[in-house]
Structures are given as structure tokens and as C-alpha cells.
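Reviewing the structure listed below.
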Amino acid sequence: MSFSGDTKGELCREGLSRRCCAQAEAYGVLLFCNTFQPGEIRITTECDPLKERLPALFRRAFRVSFDVTPADEGGKGSFLIRDREKIARICEVFGIAWDSAVSLHLNFAVLEEDHCRAAFLRGAFLAGGSVTDPEKGYHLELATSHGAVSRETLALMGEMGLQPKDTTRSANYVLYFKQSDRIEDFLTTIGAGVSAMRVMNARAEKTLRGSVNRRVNCDAANLDKVVSAAQEQIEAIGRLRERGMLEGLSPKLREAAELRTGHPELTLTQLAELCAPPVTKSCLNHRLRKLMELSRGES
């Protein structure tokens, strides 16, 4: 199952003890589902836990049953209500009057309590939401065909401190998050704490991997510099040897030359410790620079 499916499965394990929260969750489902019209309610899903939850949810919220339910054979299936009396009973709960309403709007009066707001967003995610596997990226969205509902849900989420962004895609209005911490907050709010923890863990692992990679790259870059510098020093010493200049150097410079050519793999610190007596890294570096100057004919 996908991460999005796992998250919906986790949400579907939430109990239905409070009728007000069942109604709020069903409200989210209806406003973010495939079809919510005077003549038909259609909720299409391939999430098996949601298929099990919807009949119980609508019984608890409205005391109604679906006219058509999908066969128990997996894949996508649709829940339908076409009975006018059932639809009227559902609309009455939310104060929806189809004859006078040009478009659907959010009835904030039924979402006054924090637990009902969380339940509403849970239903919205179950019906019209998706979330990307955090191992691949960060993206969570809620999509609805009702423009006013999207704008008003955006305002509701803003009041809850969630702050999504909004856009349009074809005939849908989309609210979305692309920051991992905001996705964590949203999932925690709607009751998907385990999924929120998976996002958090994925972010921590990516941060750790990034830190390790930067360290490795930094170490590799430093090693390249050491190798390059050592090669230049060895080439300079080779030119001095070809010119017969090494024997005329001071004992300290000859020692530096012999150590560098004899131990090309060592760092300056390691070479400095081999001097007799040992010297500082800065001191040995000064001697090697002097050798390179002499190889270039500089005084």
C-alpha cells in the first residue's frame, strides 16, 4: 500500500464516539468527494479501510445508509445515495438549501469546536486528499470541485495555524503543503500521528545523510588539495635535483626535500613530526615554500 493509503488506513481506525465529530467528518467527505448534488451523492475510493468506514460514518452522522455500495473485490468502488429524502436529511444537518444556494459554502456553525474542525479536515483528506511518500518528497493536498469551499477551508486552516497554499488544477481547487514540518502538523491535527512520525523520521534521515555527504565531500576536497600540493612540491624538488642544486641547500631544506619525496602520501603535520627534531606544520610549510621558490629561480 502507498504512504497515502497507509495514512488513510490509520485515520480510518479513529473511533466514531461523538456524533458531532462524525457529522463534521462526513461534512469533509461530502465537500471533497466526487459528487455532492441535490440528486446524487457519489464517493469513489480504492481505499479499503475507507470503504469499511463510510457506512458506519453515515449511520452515525445522519442515520442513513447508502443506496449503492461497491462490491467486495478490491479496486475502485463508489458509494451512492440518490434517495431525495436521505439527501435532504443530510443537507438539513448542515443548513444547505439547494434551491437558494448558487454554490456550496462552509457552514462554520457546525465547526466551532477544535475536535470537530479536526474531524472535518480528516474527512476532507479521506475523500479528496493525498500525501507523497516522504522518502521521495514532501507534498500533501486536498482537492475539491467547489471553489467557495476551498477558499473557506483555507481560512479555517489558517485559523488553526496550518497555513496551506492554494492553486487550481483543471476543474479542481487544491490546498497543499510542500514543507515537511507543516505536513507533520496537519497529519497530527487530523489524527495520523504515526504517519506524521514517519515524515519526521524521513526528514531527520535526509538531514543526516546530507550532513554526512557534505562532510565526505569536504574531506575529499581537502584530500585533493593535499595531493595537489604534495605533487607540486615533489615536482619542484625534482627540478632542483636536475639542476644539481639540492647538495648546496641548507641541512634543514635538504631534510624537508628528502621527507617530502620519501613520503608523498603524508600530510604536512605528519611530515613535520618526522623531522629531527620535530618541527611545527607552519615551519615545515615555510621550508617547502622556500624549495618551490628556489625551483622557480626566486630568491
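Each residue takes its place number in the sequence, starting with 1. Hydrogens, waters and symmetry mates play no part in the numbers below; they use all other heavy atoms, side chains included.
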- Item | Side chain K8, main chain G129, donor-acceptor under 3.5 Å | yes

- Query: Are the side chain of R59 and the backbone of V64 linked by a donor-acceptor contact shorter than 3.5 Å?
  - Reply: no

- Report the residue from L31, L30, T144 that forms a side chain to side chain contact (heavy atoms under 4.5 Å, CB included) with L104. L31

- Query: So does H286 have more than 12 non-hydrogen atoms from other groups sitting under 6.0 Å from NE2?
  - Reply: no

- Which pair of non-hydrogen atoms, one from G191 and one from L11, has the smallest distance, and what is that distance? C-CD2, 3.8 Å

- Query: Going by an N to O cut-off under 4.0 Å, is there a salt bridge joining K86 and D67?
  - Reply: yes

- Query: Below 4.5 Å, heavy atoms only, C-beta onward: do I87 and I41 meet side chain to side chain?
  - Reply: yes

- Query: Hey, what do you get for CG (L271) to CG (L288), rounding to the nearest 0.5 Å?
  - Reply: 7.5 Å

- Minimum side-chain heavy-atom gap C275-L259 below 4.5 Å: yes

- For R42 and T35, test the side chains for any donor-to-acceptor distance below 3.5 angstrom and give the result as yes or no. no

- Query: Between L111 and A24, which heavy-atom pair has the shortest distance, and what is it?
  - Reply: CD2-CB, 3.9 Å

- Item | Note: R169-E141 ion pair, threshold 4.0 Å (strictly below) | yes

- Electrostatic pair R117-E159, nearest N-O below 4.0 angstrom: yes

- Query: Does some side-chain heavy atom of L50 sit less than 4.5 Å from a side-chain heavy atom of L54?
  - Reply: yes

- Query: Above 12 or not: heavy atoms from other molecules or residues under 6.0 Å from CZ of R18?
  - Reply: no

- Carboxylate-amine/guanidinium proximity below 4.0 Å for E184 and R203: yes

- Message: Please determine whether a side-chain nitrogen of the Lys or Arg among D166 and R151 lies less than 4.0 Å from a carboxylate oxygen of the Asp or Glu.
- Response: no

- Identify the heavy atoms of G193 and E10 that sit nearest to each other, and give their distance. N-OE2, 3.0 Å

- Report yes or no: do L162 and Y138 belong to one cluster of Ile/Leu/Val/Met/Phe/Trp/Tyr joined by side chain heavy-atom distances under 4.5 Å? yes

- Task: Please check if V199 and V194 belong to a single hydrophobic cluster, counting links between Ile, Leu, Val, Met, Phe, Trp and Tyr side chain heavy atoms closer than 4.5 Å.
- Result: no

- Message: If hydrophobic clusters are built from ILVMFWY residues whose side chains come within less than 4.5 Å, do F108 and I96 share one?
- Response: yes

- Please report the closest heavy-atom contact between S150 and V174, naming both atoms and the distance. OG-N, 4.4 Å

- Task: Compute the centroid of each ring, for F94 and then for F62, and state whether the two points are separated by less than 6.0 Å.
- Result: yes

- Around M197, counting heavy atoms of other residues, nucleotides and ligands shown, do more than 12 lie under 6.0 Å from its CE? no

- Closest heavy-atom contact between S78 and T44? OG-OG1, 2.7 Å

- Message: Nearest 0.5 angstrom please: L274 CG to E258 CD, how far?
- Response: 12.5 Å

- Message: Are F32 and F66 connected into the same hydrophobic cluster when the rule is that any two of I, L, V, M, F, W, Y join if their side-chain heavy atoms are below 4.5 Å apart?
- Response: yes

- Message: With side chain to side chain contact (heavy atoms under 4.5 Å, CB included) as the criterion, how do L140 and T132 come out once you've worked through the C-alpha distance, each side chain's angles and the decisive distance to 0.1 Å?
- Response: CA-CA 6 Å; L140 183 149; T132 301; over 6 Å; no

- P164 side chain reached by L154 side chain, heavy atoms, under 4.5 Å: yes

- Pair E255 + R287: basic N to acidic O under 4.0 Å: yes

- Under 3.5 Å donor-acceptor, Y27 side chain and N107 backbone: yes

- Query: Between the main-chain N or O of M292 and the side-chain N or O of R239, is there a donor-acceptor pair closer than 3.5 Å?
  - Reply: no

- Under a 4.5 Å cut-off applied to non-hydrogen side-chain atoms, are Q163 and R182 in contact? yes

- Hey, what do you get for CG (N285) to NZ (K290), rounding to the nearest 0.5 Å? 14.0 Å

- Task: Quick one: pull up CZ in R254 and CD1 in I237 and give me the separation to the nearest 0.5 Å.
- Result: 13.0 Å

- Query: For L249 and L246, what are the C-alpha separation, side-chain angles and deciding distance, and is it a side chain to side chain contact (heavy atoms under 4.5 Å, CB included)?
  - Reply: CA-CA 5 Å; L249 298 178; L246 284 181; 3.7 Å; yes

- Message: As a quick check of understanding, evaluate side chain to side chain contact (heavy atoms under 4.5 Å, CB included) for Y173 and V149, giving each step before the final call.
- Response: CA-CA 9 Å; Y173 301 85; V149 168; over 6 Å; no

- Query: Counting only heavy atoms not in E92, do more than 12 fall under 6.0 Å of its CD?
  - Reply: no

- Message: As an exercise, state the distance from CG of L121 to CG of L126, rounded to the nearest 0.5 Å.
- Response: 11.0 Å

- Joint cluster assignment, F36 & V93, ILVMFWY side-chain distance < 4.5 Å: yes

- Do H263 and Q270 meet the criterion of a side-chain donor-acceptor pair at a distance under 3.5 Å? no

- Message: To the closest 0.5 Å, what do you measure between SG (C20) and CD (E112)?
- Response: 11.0 Å

- Please tell me if the side chains of S65 and F58 come closer than 4.5 Å, counting only heavy atoms from C-beta onward. no

- Query: Quick check: does any side chain N or O of E25 sit under 3.5 Å from a backbone N or O of A119, one acting as donor and the other as acceptor?
  - Reply: no

- Are F79 and P70 close enough that some pair of their side-chain heavy atoms sits under 4.5 Å apart? yes

- Under 3.5 Å donor-acceptor, E46 side chain and G75 backbone: no

- Task: Take H139 and V131 through the side chain to side chain contact (heavy atoms under 4.5 Å, CB included) test and state the conclusion after the steps.
- Result: CA-CA 6 Å; H139 184 88; V131 59; over 6 Å; no

- What are the two closest non-hydrogen atoms of L240 and L291, and how far apart are they? CD1-O, 3.6 Å

- Query: Are the side chain of R243 and the backbone N or O of G238 linked by a donor-acceptor pair below 3.5 Å?
  - Reply: no

- Message: Is any side-chain heavy atom of C47 closer than 4.5 Å to one of T45?
- Response: yes

- Is the shortest side-chain N to carboxylate O distance from K51 to D48 below 4.0 Å? yes

- Would a distance-only check, ignoring hydrogens and angles, find a side-chain to backbone donor-acceptor pair under 3.5 Å from D133 to F3? no

